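Keep in mind it's a predicted model, so treat the numbers as computed, not measured. Within every chain, numbering begins at 1; the chains are lettered A, B, ... in the order of the sequence lines, protein sequences first and strands thereafter.
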Amino acid sequence: MPTPRHSVGPCPSCGDGLGGIRIYTSPGGTTYPLVVCDECDAVWTEPDLSRRPTFPDPEDARSPIDGQPLWGADSHWADLAECAACGWLAQVDPTLHHHGPLPADDDPLATPPADVPPADVPAADVPPADHGDAS
Amino acid sequence: MTAEQPFPRAKRGGRKSIGGLALALLVAAYAVSQPQLNDRFGWQLPGFSSTAQTEPSSERPPSERPSSERPPAVSPATADVPSRTTPSGAAPSSPEPAIASPATSNATAPLYGLLTEEGNERYRSPAGLLYTRGSQEGHRLKHLERHVADDPDRPGPHGVFDGGMPGALVTVDAAYRQALAGSKTTRKDEDRRTVYTIDLGKRVGYVGGSEGQRRRNPIAKRVRLVLEQDRVITAYPL
Ligand SMILES: [Zn+2]
């Protein structure tokens, strides 16, 4: 899926891009989130777009955390439960929700996810999810 | 059937030959002056030949269509795996590399009729821009391809170029040349990146996405161009 499901805001660097929340699974099985612009590849390690982004190698973009490919198979756009699990739910802009195949699916303005763990769970403890939308 | 029959009010008899001659002269004069009158005054006087009819706009290349036309009703690109297209429109036969050479063309044929391959999936535009591997789509050209069709479900705006990939590449080149000339251009530098916003002063596409849909798809005259030196990161109309 090329469009983030949940974004923290429009990309301040390129303008029309979405700062989407993306979940990465490290080789050890732990996971962590990044904010990545789907338009210009700008990366934030925190859900705060006022911070300075990093710009990965344009031909070989990699995560600033563990060096895995930014758009590789071990990452995907986060769903709402994952946004909550990594503690970034409060930063999600609900107006930028990209609906999946089901119109009301995963909408932050609809019913919040029931299995959301406490927001203070460390990001590294977020269980990996198999969404099959890695790109 | 005589030549006068299309004109039933013409008198017959002794003045038949004179009237016929006059009519023939009038017809000849009309045939000669009709194209000139149309050109000069913008009229649409009918001609005598069927080939003078205006070609339907739908049969013309998109890049030659009037800018006032509504945005094309193009379906959004496939959501999960953007389809790869070639200049010939042929489907690619293998998943990698991201940009496939058309099977029907030789290795030296410019991609989309414009881009020269420099090896390692790098393509150079006539204005000097470089399209390489990268982006979520795997190649910057594949990313640019997202901006030749609307994605009305996408949150926020989504700029759509007129003219398909060839039109987009030509427009981006024109924007780059204008940016280098510093004409009607704003520039923002951030680390290695340069973000140009270029006002081309004419329609180059329209604003799609959910915001564009809400605003009834306004036309776009500007181009946002994100570069790292001469390397294209992204480009879209706005
Ligand atoms: Zn961006």
Side-chain angles (χ1 to χ4, degrees), chain A residues 1-20 22 36-43 51-62 69-73 75-77 92-103 105 107-109 131-135, chain B residues 76-82 120-122 130-140 142-147 151-160 188-197 207-212 220 222 224-238:
Chain A
M1 178 180 288
T3 302
R5 299 167 83 170
H6 302 286
S7 303
V8 299
C11 173
S13 182
C14 71
D16 278 11
L18 293 169
R22 197 165 173 86
V36 185
C37 175
D38 70 333
E39 191 70 48
C40 75
D41 306 350
V43 177
R51 295 192 180 192
R52 192 183 186 91
T54 59
F55 299 112
D57 185 316
E59 288 193 65
D60 186 22
R62 292 185 175 271
L70 195 67
W71 304 110
S75 64
H76 59 270
W77 296 117
V92 169
D93 182 343
T95 66
L96 299 179
H97 170 55
H98 183 247
H99 293 286
L102 300 175
D105 178 41
D107 191 336
L109 295 175
H131 292 269
D133 64 349
S135 44
Chain B
T78 305
D80 290 316
V81 182
N120 201 24
E121 295 182 63
R122 294 178 169 205
L130 193 59
Y131 295 87
T132 70
R133 283 186 290 201
S135 82
Q136 185 180 190
E137 291 75 17
H139 199 284
R140 301 294 171 187
K142 288 304 299 177
H143 181 79
L144 185 66
E145 201 173 88
R146 278 180 71 179
H147 290 286
D151 184 356
D153 291 332
R154 177 184 167 80
H158 176 71
V160 183
K188 179 179 76 170
D189 291 293
E190 193 173 14
D191 291 343
R192 306 182 307 266
R193 291 200 172 178
T194 303
V195 181
Y196 292 109
T197 305
V207 180
S210 61
E211 183 179 318
R222 296 178 297 158
R224 170 97 14 101
L225 180 55
V226 181
L227 303 179
E228 288 199 14
Q229 296 179 321
D230 56 358
R231 194 189 313 250
V232 175
I233 303 300
T234 186
Y236 53 85
L238 70 163

Drop me the distance from E211(B)'s CD to L96(A)'s CG, to the nearest 0.5 angstrom. 10.0 Å

Most contacts with chain A, counted as non-hydrogen pairs under 4.5 angstrom, among L238(B), V226(B), I233(B): I233(B)

Smallest heavy-atom separation, E190(B) atom then S13(A) atom, equals OE1-OG, 3.0 Å

Side-chain heavy atoms of T3(A) within contact of P155(B), under 4.5 Å: yes

Using a strict cut-off of less than 4.0 Å between a Lys/Arg side-chain nitrogen and an Asp/Glu carboxylate oxygen, indicate whether R154(B) and D38(A) qualify as a salt bridge.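 Answer for the salt bridge query: yes.
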
Could you measure the distance from the SG atom of C40(A) to the CG atom of L227(B)? Nearest 0.5 Å is fine. 12.0 Å

Residue P53(A) versus chain B: region with a heavy atom under 4.5 Å: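 Backbone plus side chain of P53(A), per the 4.5 Å heavy-atom cut-off to chain B.
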
Are the charged groups of D191(B) and R52(A) less than 4.0 angstrom apart, N to O? yes

How many angstroms lie between atom OG of S210(B) and atom NE2 of H98(A), to the nearest 0.5 angstrom?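 Answer rounded to 0.5 Å: 9.0 Å.
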
Are E59(A) and R231(B) close enough for a salt bridge, meaning some N to O gap below 4.0 Å? yes

Using atom types as modelled and distance alone, determine if a side-chain donor or acceptor of R224(B) lies under 3.5 Å from a backbone N or O of C14(A).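 Side chain of R224(B) to backbone of C14(A): a pair is present.
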
Best-contacting candidate, H143(B), E228(B), R192(B), against chain A by heavy atom pairs under 4.5 angstrom: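 Heavy-atom pairs under 4.5 Å are most numerous for H143(B).
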
Quick one: what part of P58(A) sits under 4.5 Å from any heavy atom of chain B, side chain, backbone, both or neither?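 It is both, since atoms from each part get that close.
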
Show your working on side-chain hydrogen bond (donor to acceptor under 3.5 Å, both in side chains) between H158(B) and E39(A) and close with a plain yes or no. CA-CA 10 Å; H158(B) 176 71; E39(A) 191 70 48; 5.3 Å; no

Side chain, backbone, both or neither: which part of D93(A) has a heavy atom under 4.5 Å from chain B?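 Contact with chain B: none, neither part.
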
Can you measure from CD (Q136(B)) to CH2 (W71(A)) and round to the nearest 0.5 angstrom?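 Between Q136(B) CD and W71(A) CH2, I get 4.5 Å after rounding to 0.5 Å.
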
Identify which of T234(B), V195(B), L225(B) forms the greatest number of heavy-atom pairs closer than 4.5 Å to chain A.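 Ranked by heavy-atom pairs under 4.5 Å with chain A, first place is T234(B).
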
Check this for me, if you would: do D41(A) and R140(B) make a salt bridge, where the nitrogen-to-carboxylate-oxygen distance has to be below 4.0 angstrom?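 So D41(A) pairs with R140(B) through a salt bridge.
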
